[in-house]
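Working notes, beginning with the structure itself.
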Number of protein chains: 2
Amino acid sequence: MWAVTAEHPARRPGGRTARVRAAVHQAVIDLLHEEGWDDLNVALVAERSGVHQTTIYRRWGTLAGLIDDVVTERLTRSSPVPDTGTLRGDLEAYALQVADDVSGPLGPVFVRAAMIGTRDGEETTPRQIYLLERAVQLQAMLDRARDRGENPPTLLELMEIVQAPLYFHAIFFGRPAGTDHTLTLVDRLLALTGKS
Amino acid sequence: MWAVTAEHPARRPGGRTARVRAAVHQAVIDLLHEEGWDDLNVALVAERSGVHQTTIYRRWGTLAGLIDDVVTERLTRSSPVPDTGTLRGDLEAYALQVADDVSGPLGPVFVRAAMIGTRDGEETTPRQIYLLERAVQLQAMLDRARDRGENPPTLLELMEIVQAPLYFHAIFFGRPAGTDHTLTLVDRLLALTGKS
DNA sequence: ACACTAACGCAAAAAGTATTGCTTTAACTT
DNA sequence: AAGTTAAAGCAATACTTTTTGCGTTAGTGT
């Protein structure tokens, strides 16, 4: 019923397993581009990927679990925390990266999946681990700024003033914030900490 | 396939119809309290409410449609836009109201439902209408402040600086922001517009 | 190279979800 | 108070999703 992927730390990670995983992931991404979120189901993914339905159920348990895995995978790859040498540079790079993550056909899906995946009272999911790691990295980014003698915001402020509005846009307006507006959010964050 | 509720503007709104609607709504709310989001299905709602499954399908089409109706109904009731006489008073009252809306067992469900309900290319839903009406009311609240000679933020700023973080908290931290923190958000909004 | 077994494929069955045709109830109309 | 019909009940059916048992394939260790 649960994702085997996270259970055993990979008892046989070799060729075929990896190939199947890649094919299924690619199928999910393709289908999310072509069809919408609502028309996505395990049967479609199976057909597109050439992987049997049963295999998908056994490895990922549910469609939600699979999407969770895909989203986490994508986020983990495509997002090294920036280190440009200045606080503003780091924040702008980070903000644009997030804006980009929630762009395109997959953006709203990411955010939606992030929320839907959040189940109550269940054991730790790969994405929760990812979010935690990411929080640590972002904190390190802010710490670097402090070490340089700059006056960085807290992690919470970063999330509330930059991250939250970016997600909000993607969800409720159905489209991501533009570049200008994204940079405005960073200005707002810096103005806040620059003043007090 | 779609919610009949919104189709005909109520061709027979009388006693029984209203009773059935109330019973079903109550069952949904109760079940969301007791079980989680994930275990909720039409069969359970039918059993709990004493209303036949067929009736639920015919009136609301799907579980998502039903939840949409319940959420919209709740939001519509419990939230008159404040009019305290001062901008700060209005904003604080509003922020606390939102924080309260996303509190309790139903809070995350509300936010989640708000997102899930957002389907692409479908006709206007009752909740979209609600959100639009609400936006108009909030704009009116800000206009009142301007008429009094105060310097209110834009609607977008209100949503980004107050609303978005409150939702963000509820979703990602699994619990709503506290009173103190909610008021901090209002301070932040006022500081922003007070300065520039 | 050979044995071992995790992971996959396949088909059938089970469980869950949604639809349809018809009957009955009760709100509304006159 | 009698007729009309929207809305609800009921049961049978169709459709979709998920699970299960077993045979096959191909990484992995010796």
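Computed from a predicted structure; not experimentally measured. Numbered from 1 within each chain, the chains take letters A, B, ... in sequence-line order.
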Of N41(B) and R19(B), whose closest DNA chain C nucleotide lies nearer the 5' terminus? N41(B)
For the backbone of V45(A) and the side chain of S49(A), can you confirm whether one donor and one acceptor N or O come within less than 3.5 Å of each other? yes
Checking R59(A) side chain against T17(A) main chain: does a donor-acceptor pair fall under 3.5 Å? yes
May I have the distance from Y57(B) (atom OH) to dC10(D) (atom P), rounded to whole angstrom? 17 Å
Interatomic distance, L40(B) CG vs dT17(C) P [rounded to whole Å]: 10 Å
Any chance you could list the contact pattern along nucleotides 8-13 of chain C? Use B for base contacts, S for sugar-phosphate-only contacts and - for none, protein heavy atoms under 4.0 Å, 5' to 3'. SBBB--
Compute the bend angle of the helix from dA1(C)-dT30(D) to dT30(C)-dA1(D) from the end axes (five pairs per end), rounded to 10°. 50°
Check whether any side-chain N or O of D69(B) sits under 3.5 Å from a backbone N or O of W60(B) as a donor-acceptor pair, and report yes or no. no
Quick one: do R88(A) and D187(A) make a salt bridge, cutoff under 4.0 Å? yes
Distance (rounded to the nearest 0.5 Å) between I29(A) CD1 and I67(A) CD1: 11.0 Å
Between C1' of dT17(D) and CG of D38(B), the distance in whole Å: 16 Å
Does any N or O in the side chain of E157(A) come within less than 3.5 Å of the main-chain N or O of T154(A), such that one atom is a donor and the other an acceptor? yes
Where do V162(B) and V98(B) land on the side-chain contact (heavy atoms from CB on, under 4.5 Å) test, with the steps shown first? CA-CA 9 Å; V162(B) 175; V98(B) 171; over 6 Å; no
Whether T182(A) side chain and G178(A) backbone form a donor-acceptor pair below 3.5 Å: yes
Using whole Å, what does the distance between atom P of nucleotide dG16(C) and atom CG of L63(B) come to? 15 Å
Please give, in whole Å, the distance from dT17(D) P to I56(A) CD1? 13 Å
Whether R48(A) side chain and L31(A) backbone form a donor-acceptor pair below 3.5 Å: no
Short of 4.0 Å, heavy atom to strand atom, which residues of residues 22-29 of chain A count as contacting DNA chain D? none
Do the side chains of V136(A) and L155(A) join up, straight or via other hydrophobic residues, at under 4.5 Å, putting them in one cluster? no
Do NZ/NE/NH1/NH2 and the carboxylate oxygens of R146(A) and E150(A) come within less than 4.0 Å? no
